[in-house]
Novice: 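Got a structure here, written out as structure tokens. Questions coming.
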Amino acid sequence: MVEPEGEVHEALHGMRAAFDWATAHGNKVIFIGNGGSNAVASHMAADISKNGGVRAIAFNDVPTITMLGNDYGYENVFAKQLEYYGFGGDVLVAISSSGGSQNILNAARKAKEKGLSVFTFTGMVKTAQNELRAMGERNFVVPSTDYGIVEIAHLSLIHSVI
């Protein structure tokens with residue numbers, strides 16, 4: 001599902017266009033996620049940089065995350081990185097199977113505040129209220145409650161724009 005309502009192929013094409021625009025204008029694409037979603041974020045940042053010609057990075061440096069978590073709380077580990085390294089014209093790809101992780105929600109809010117484009121990838125895993133599914137320009141929602149299926153779908157959807 002794509003929210004607001006739309007066709008998946010068109011929404012993915014729009015996301016890729018945002019990636020290309022950011023790169024052409026000296027900006028970057030930033031991927032974030034927790035756990036398995038962080039692995040997807042890292043994988044996609046590497047692949048889209050190497051094979052897609054897009055300037056991309058994943059916020060997954062362990063010393064940075066643990067320092068920010070210690071000093072500002074884990075709920076702010078991505079928002080603080082966006083405060084430091086996110087600029088208007090950049091693109092944030094926020095990946096969360098539940099759509100309810102506070103650190104991802106705070107990052108999406110910070111990205112919007114700073115003028116970044118935001119694309120979200122969530123599922124229907126019922127561990128939290130899925131607030132993230134309404135926070136992006138386009139929101140990709142995998143209609144499954146199974147983490148494995150949601151994470152593989154996110155990987156496949158993002159990989160398809162390379």
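Any value given below was found using the heavy atoms of this structure, including those in side chains, with hydrogens, waters and symmetry copies removed. Residue numbers run from 1 in the order of the sequence given.
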Novice: When you compare the side chains of N106 and R109, does any donor N or O come within less than 3.5 Å of an acceptor on the partner?
Specialist: yes
Novice: Please name the pair of heavy atoms, one in A18 and one in V91, separated by the smallest distance, quoted to 0.1 Å.
Specialist: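 Taking every non-hydrogen atom into account, O-CG2, 3.8 Å.
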Novice: Specify the closest pair of heavy atoms between I65 and Q81, including all atoms of both residues, with the distance to one decimal.
Specialist: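 Scanning both residues, the minimum pair turns out to be CG1-NE2, 4.1 Å.
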Novice: Is there a continuous path of hydrophobic side-chain contacts, each under 4.5 Å between heavy atoms, that joins F119 to I30?
Specialist: no
Novice: Just by distance, do the side chain of S49 and the backbone of V54 share a donor-acceptor pair under 3.5 Å?
Specialist: yes
Novice: Of all the heavy-atom pairs spanning L105 and G99, show the shortest one and how long it is.
Specialist: CD2-O, 3.7 Å
Novice: Which pair of heavy atoms, one from A58 and one from A45, lies closest together, and at what distance?
Specialist: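 Heavy-atom minimum between the residues: N-CB, 3.6 Å.
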Novice: Mind checking whether I95 and V118 sit in one hydrophobic cluster, side chains of I, L, V, M, F, W, Y counted as touching below 4.5 Å?
Specialist: no
Novice: For residues 82-91, which residue pairs qualify under side-chain hydrogen bond (donor to acceptor under 3.5 Å, both in side chains), counting only residues two or more places apart or in two chains?
Specialist: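 Output for this query lists N27-D90, K28-D90, K80-E83.
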Novice: Supply the atom-to-atom distance M124 CE to T145 OG1, rounded to the nearest 0.5 angstrom.
Specialist: 9.5 Å
Novice: Check whether any side-chain N or O of Q129 sits under 3.5 Å from a backbone N or O of E131 as a donor-acceptor pair, and report yes or no.
Specialist: no
Novice: With rounding to the nearest 0.5 angstrom, report the OG to CG distance, S144 to D146.
Specialist: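 The distance works out to 5.0 Å.
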Novice: Flag yes if I162 and W21 sit in one hydrophobic cluster, no otherwise; membership is Ile, Leu, Val, Met, Phe, Trp, Tyr, and two members link when side-chain heavy atoms are under 4.5 Å apart.
Specialist: no
Novice: Output the distance between atom CG (L92) and atom CD (E137), rounded to the nearest 0.5 Å.
Specialist: 10.5 Å
Novice: Drop me the distance from F19's CZ to S117's OG, to the nearest 0.5 angstrom.
Specialist: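 Reported value, rounded in 0.5 Å steps: 10.0 Å.
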Novice: Report the distance from atom OG of S96 to atom CZ of R133, rounding to the nearest 0.5 Å.
Specialist: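 S96 OG to R133 CZ: 12.0 Å, rounded to 0.5 Å.
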Novice: For residues V29 and I48: do they belong to one hydrophobic cluster (side chain heavy atoms under 4.5 Å, members Ile, Leu, Val, Met, Phe, Trp, Tyr)?
Specialist: yes
Novice: Could you measure the distance from the CD1 atom of I32 to the CD1 atom of I104? Nearest 0.5 Å is fine.
Specialist: 4.0 Å
Novice: Does a side-chain heavy-atom distance below 4.5 Å link N34 with Y74?
Specialist: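 A side-chain contact exists here, since the closest heavy-atom pair is under 4.5 Å.
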Novice: Examine L155 and L132 and state if one hydrophobic cluster contains both, with Ile, Leu, Val, Met, Phe, Trp and Tyr joined whenever side-chain heavy atoms are less than 4.5 Å apart.
Specialist: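 No, L155 and L132 fall in different hydrophobic clusters.
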Novice: Between H159 and M44, is there a donor-acceptor pair closer than 3.5 Å when you use the side chain of the first and the backbone of the second?
Specialist: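 No, because the side chain of H159 does not come within donor-acceptor range (under 3.5 Å) of the backbone of M44.
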Novice: Would you say the side chain of I158 lies within less than 4.5 Å of the side chain of F31, judging by non-hydrogen atoms?
Specialist: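 SC-SC contact between F31 and I158 confirmed.
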Novice: Using the rule given for side-chain contact (heavy atoms from CB on, under 4.5 Å), can you reason through L12 versus S160, listing the C-alpha separation, both sets of side-chain angles and the distance that settles it, and then say yes or no?
Specialist: CA-CA 8 Å; L12 289 168; S160 75; 3.5 Å; yes
Novice: Mark yes or no for whether N139, through its side chain, and G136, through its backbone, hold a donor-acceptor pair below 3.5 Å.
Specialist: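 Flag set: sc N139 to bb G136 pair under 3.5 Å.
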Novice: Is there a donor-acceptor pair under 3.5 Å between the side chain of S42 and the backbone N or O of A39?
Specialist: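 The answer is no, because no donor-acceptor pair under 3.5 Å joins these two groups.
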Novice: Taking C-beta and beyond as the side chain, do L157 and V8 meet within less than 4.5 Å on heavy atoms?
Specialist: yes
Novice: How about N76 and N103: does a side-chain donor come under 3.5 Å of a side-chain acceptor?
Specialist: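 Note: N76 and N103 side chains miss the donor-acceptor criterion.
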Novice: So does E10 pair up with R138, basic N to acidic O under 4.0 Å?
Specialist: no
Novice: Are the side chain of T66 and the backbone of P63 linked by a donor-acceptor contact shorter than 3.5 Å?
Specialist: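 Indeed, once roles are kept as given, a pair shorter than 3.5 Å links the two residues.
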Novice: Of all the heavy-atom pairs spanning S97 and E151, show the shortest one and how long it is.
Specialist: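 That closest heavy-atom pairing would be OG-CG, 3.5 Å.
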Novice: So which atom in A107 and which in F78 form the shortest heavy-atom distance, rounded to 0.1 Å?
Specialist: CB-CB, 3.6 Å
Novice: Using the ring of each side chain (for Trp, its six-membered ring), is F121 parallel, tilted or perpendicular to F140, with breaks at 30° and 60°?
Specialist: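 Ring orientation of F121 relative to F140: parallel.
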